[in-house]
Amino acid sequence: MQITLSKIDLAKTKTRCLILFSTTQQEMCKEAEAIDKASNGLVKRQLVNSGFNGKAGETALLCETGDMPCECLLVVGLGDEDEFNISQLQKGVSAAMKNLLSMKVGEAIIGMPAKSSLTTSTLLRETAQALVNATYNFSECKSDDDKPHKIRKIRLSVSNSKQLAGGRKSVQQGEAIALGMEMAKNLADLPGNICTPAYLARKAGSLGRKYKSISTKVVNEKEMEKLKMGALLSVSRGSRQPAKLIIMEYKGGKKGDKPVVLVGKGLTFDAGGISIKPSARMDEMKYDMCGGASVIGTIKAVAEMELPINIVGVVPSSENLPDGDANKPGDIVTSMAGKTIEILNTDAEGRLILCDALTYSKRFKPDTVIDIATLTGACIVALGNHASGLMANSEEVASDLISAGESCNDRTWRLPLWDEYQPQLDSNFADIANIGGPAAGTITAGCFLSRFTEDFNWAHLDIAGTAWKSGAEKGATGRPVPLLVNYLINKAG
Ligand code: BES
Ligand code: MN
Ligand code: ZN
């Protein structure tokens, strides 16, 4: 789908469908007023008859267009004007796209609201992102070849031609973020028997071939042994699929610029191991690689927009299954950092694969390290599906991530990593235990990781609640790709 940005005379330009926005205040944009006038009040009359209220995501399809050059007019609600935010815009744009897809139109024009509380760049970036996001469809595992309808072209129109140059860049950014999200969603929606550690590694490798700025390297189990990655290897021992440590280097910055290292949990299926999980909804544990998928998707988006910054993606990938050779409760393993770990619960495996990946990250002399993981069910209890849990040893990284999330509605909420929590990880037999009891489960998981990140600026994102939707809309969300890309855009300056 092609998205263009220009200044279009909406009352005079032919299109299959013209889309205009309205609010609960029923205030139509200037263009809509003009079109209404030109059509002798036809638009307003039909709107009133349709019972349209302007709520965010509400739509009214007006088929009587009189002398207007559009075949139909779709009015889309953006909700309360005084509370207008990105979430309302996303609701409006996806509702518009749903209509276009079911009408099977080939092209449409969208008249962007001329005044809103969002900046033009946010408005256009988020609109483009939501347009592309709405076309996501996971059908590759269904046998009927009912191909979903494809929209060829959407023309966005702004009323001020001064907005065009900067606006085009914002549209491109939105498209790139959506492409990264699409990749992350696809990897997460794929079942564990297809999306294995080797599959993830191959997908990362294909990005390395597609973009000159990306080079991919995969560390195999033999090399992990040489690196003494005893924690990562212990999780993989119970699986027939060999573990992979995927390294992606994106070079967009100057040669000497220290990179931001993104470390993503790539657990392609988490049955819990010997501490096996209950069967109900265990299928959803195929999404335990969403941290890794968001790293791969973010690097794709950043390469698309050719951001001037250096980034390294590190994705430890494994399965966690019960087996005669799997980790057992009480087992003690030695991490790459030399710390011994008593595995009291084999289901707390994410921190085991992450700690070795974090230690490995030191070799890149990072400016900042951010790890992203579906790490704890406790994070869903604490924050639900709206905010990712954020923990950090650096005030600056924490506040940069918080504001990047606010600016794209992919929000985080910070939890403390106070020293008082650390003793929960004490072990009678090893340097550290891999669980800290039922209290503050998200924080003690963060505390565990903090023992391996003392040498650099670090933040941890627990995305257990935000990366996935359960229920009727079961599937991946693509989060936190928008957060990470916006953080990197700000960081690149
Ligand atoms: N991948 C899970 C965390 C998870 C649970 C993500 C539910 C999404 C939804 C992680 O490996 C895990 O099993 N964590 C345990 C930790 C516990 C044993 C300390 C958990 O949250 O139960
Ligand atoms: Mn687990
Ligand atoms: Zn897990």
Side-chain angles (χ1 to χ4, degrees), residues 188-189 192 195 197 200 231-232 234-239 241 243 263-294 315-323 326-331 341-355 357 371-389 391 415 421 424-425 427 432-449 460-471 474-477 479-480:
D189 287 342
C195 184
L200 268 188
L232 168 51
S234 79
V235 174
S236 173
R237 263 208 342 265
S239 156
Q241 297 289 338
V263 179
K265 175 179 176 185
L267 217 291
T268 57
F269 189 75
D270 183 10
I274 298 298
S275 314
I276 196 163
K277 288 182 182 294
S279 311
R281 287 174 52 181
M282 204 207 266
D283 63 291
E284 299 191 4
M285 275 304 117
K286 68 178 182 180
Y287 89 88
D288 212 13
M289 33 53 72
C290 276
S294 72
V315 179
S317 185
S318 169
E319 295 183 320
N320 185 29
L321 297 174
D323 178 79
N327 274 331
K328 301 175 292 297
D331 282 3
I341 305 165
E342 185 185 15
I343 300 173
L344 290 173
N345 188 319
T346 66
D347 198 9
E349 85 298 338
R351 56 199 83 180
L352 296 175
I353 68 171
L354 286 169
C355 70
D371 79 74
I372 306 102
T374 46
L375 204 59
T376 63
C379 194
I380 310 177
V381 177
L383 299 174
N385 305 108
H386 303 296
S388 302
M391 284 140 273
L415 300 171
Y421 291 104
Q424 286 180 238
L425 295 172
S427 157
I432 181 174
N434 81 325
I435 55 169
T442 303
I443 294 175
T444 53
C447 285
F448 182 95
L449 299 176
H460 159 58
L461 294 170
D462 193 328
I463 59 165
T466 51
W468 184 260
K469 275 190 192 151
S470 302
K474 181 152 83 176
T477 63
R479 290 177 70 185

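Each ligand, and each atom within it, is numbered from 1 in the order the structure gives. These figures come from a predicted structure and were not determined experimentally.
Other residues, nucleotides and ligands contribute more than 12 heavy atoms inside 6.0 Å of the NZ atom of Lys277.
One finds the CG atom of Asp371 at 8.5 Å from the CE atom of Met391 (value rounded to the nearest 0.5 Å). The structure places OH of Tyr421 at 8.5 Å from CG of Leu415, a figure rounded to the nearest 0.5 Å. In this structure, SG on Cys447 lies 6.0 Å from CG on Leu425, to the nearest 0.5 angstrom. Distance check: Ser318 OG to Asp270 CG gives 9.5 Å after rounding to the nearest 0.5 Å.
Taking the salt bridge (Lys or Arg N to Asp or Glu O under 4.0 Å) definition, one finds that Asp323 meets it with nothing, sequence neighbours left out.
Side-chain contact annotation: Asn327 with Thr346, donor-acceptor N/O pair under 3.5 Å absent. Looking at Gln241 and Thr268, their side chains never bring a donor and an acceptor atom within 3.5 Å of each other.
Nearest approach of Thr442 to Ala378, heavy atoms of both residues: OG1-C, 3.3 Å.
A heavy-atom distance below 4.5 Å is found between the side chains of Ile341 and Cys355. Within the 4.5 Å cutoff, no side-chain heavy atoms of Ile432 are placed close to those of Ser427.
Residues lining ligand 1 at a heavy-atom distance below 4.0 Å are given as Lys265, Asp270, Lys277, Met285, Tyr287, Asp288, Asn345, Asp347, Glu349, Arg351, Thr374, Leu375, Thr376, Gly377, Ile380, Ile435, Ala464, ordered by chain and residue number.
Around the Zn ion (ligand 3), the protein atoms of type N, O or S found under 2.8 Å away are Lys265 NZ, Asp270 OD2, Asp288 OD2, Glu349 OE2, listed by chain and number. The Mn ion (ligand 2) has Asp270 OD2, Asp347 O, Asp347 OD1, Glu349 OE1 as its protein N, O or S neighbours under 2.8 Å.
A donor-acceptor pair is defined here as one N or O able to donate and one able to accept, closer than 3.5 Å; no such pair exists between the side chain of Glu284 and the backbone of Trp468.
The residue from Leu232, Leu267, Ile343 that alone fulfils the side chain to side chain contact (heavy atoms under 4.5 Å, CB included) condition with Leu352 is Ile343.
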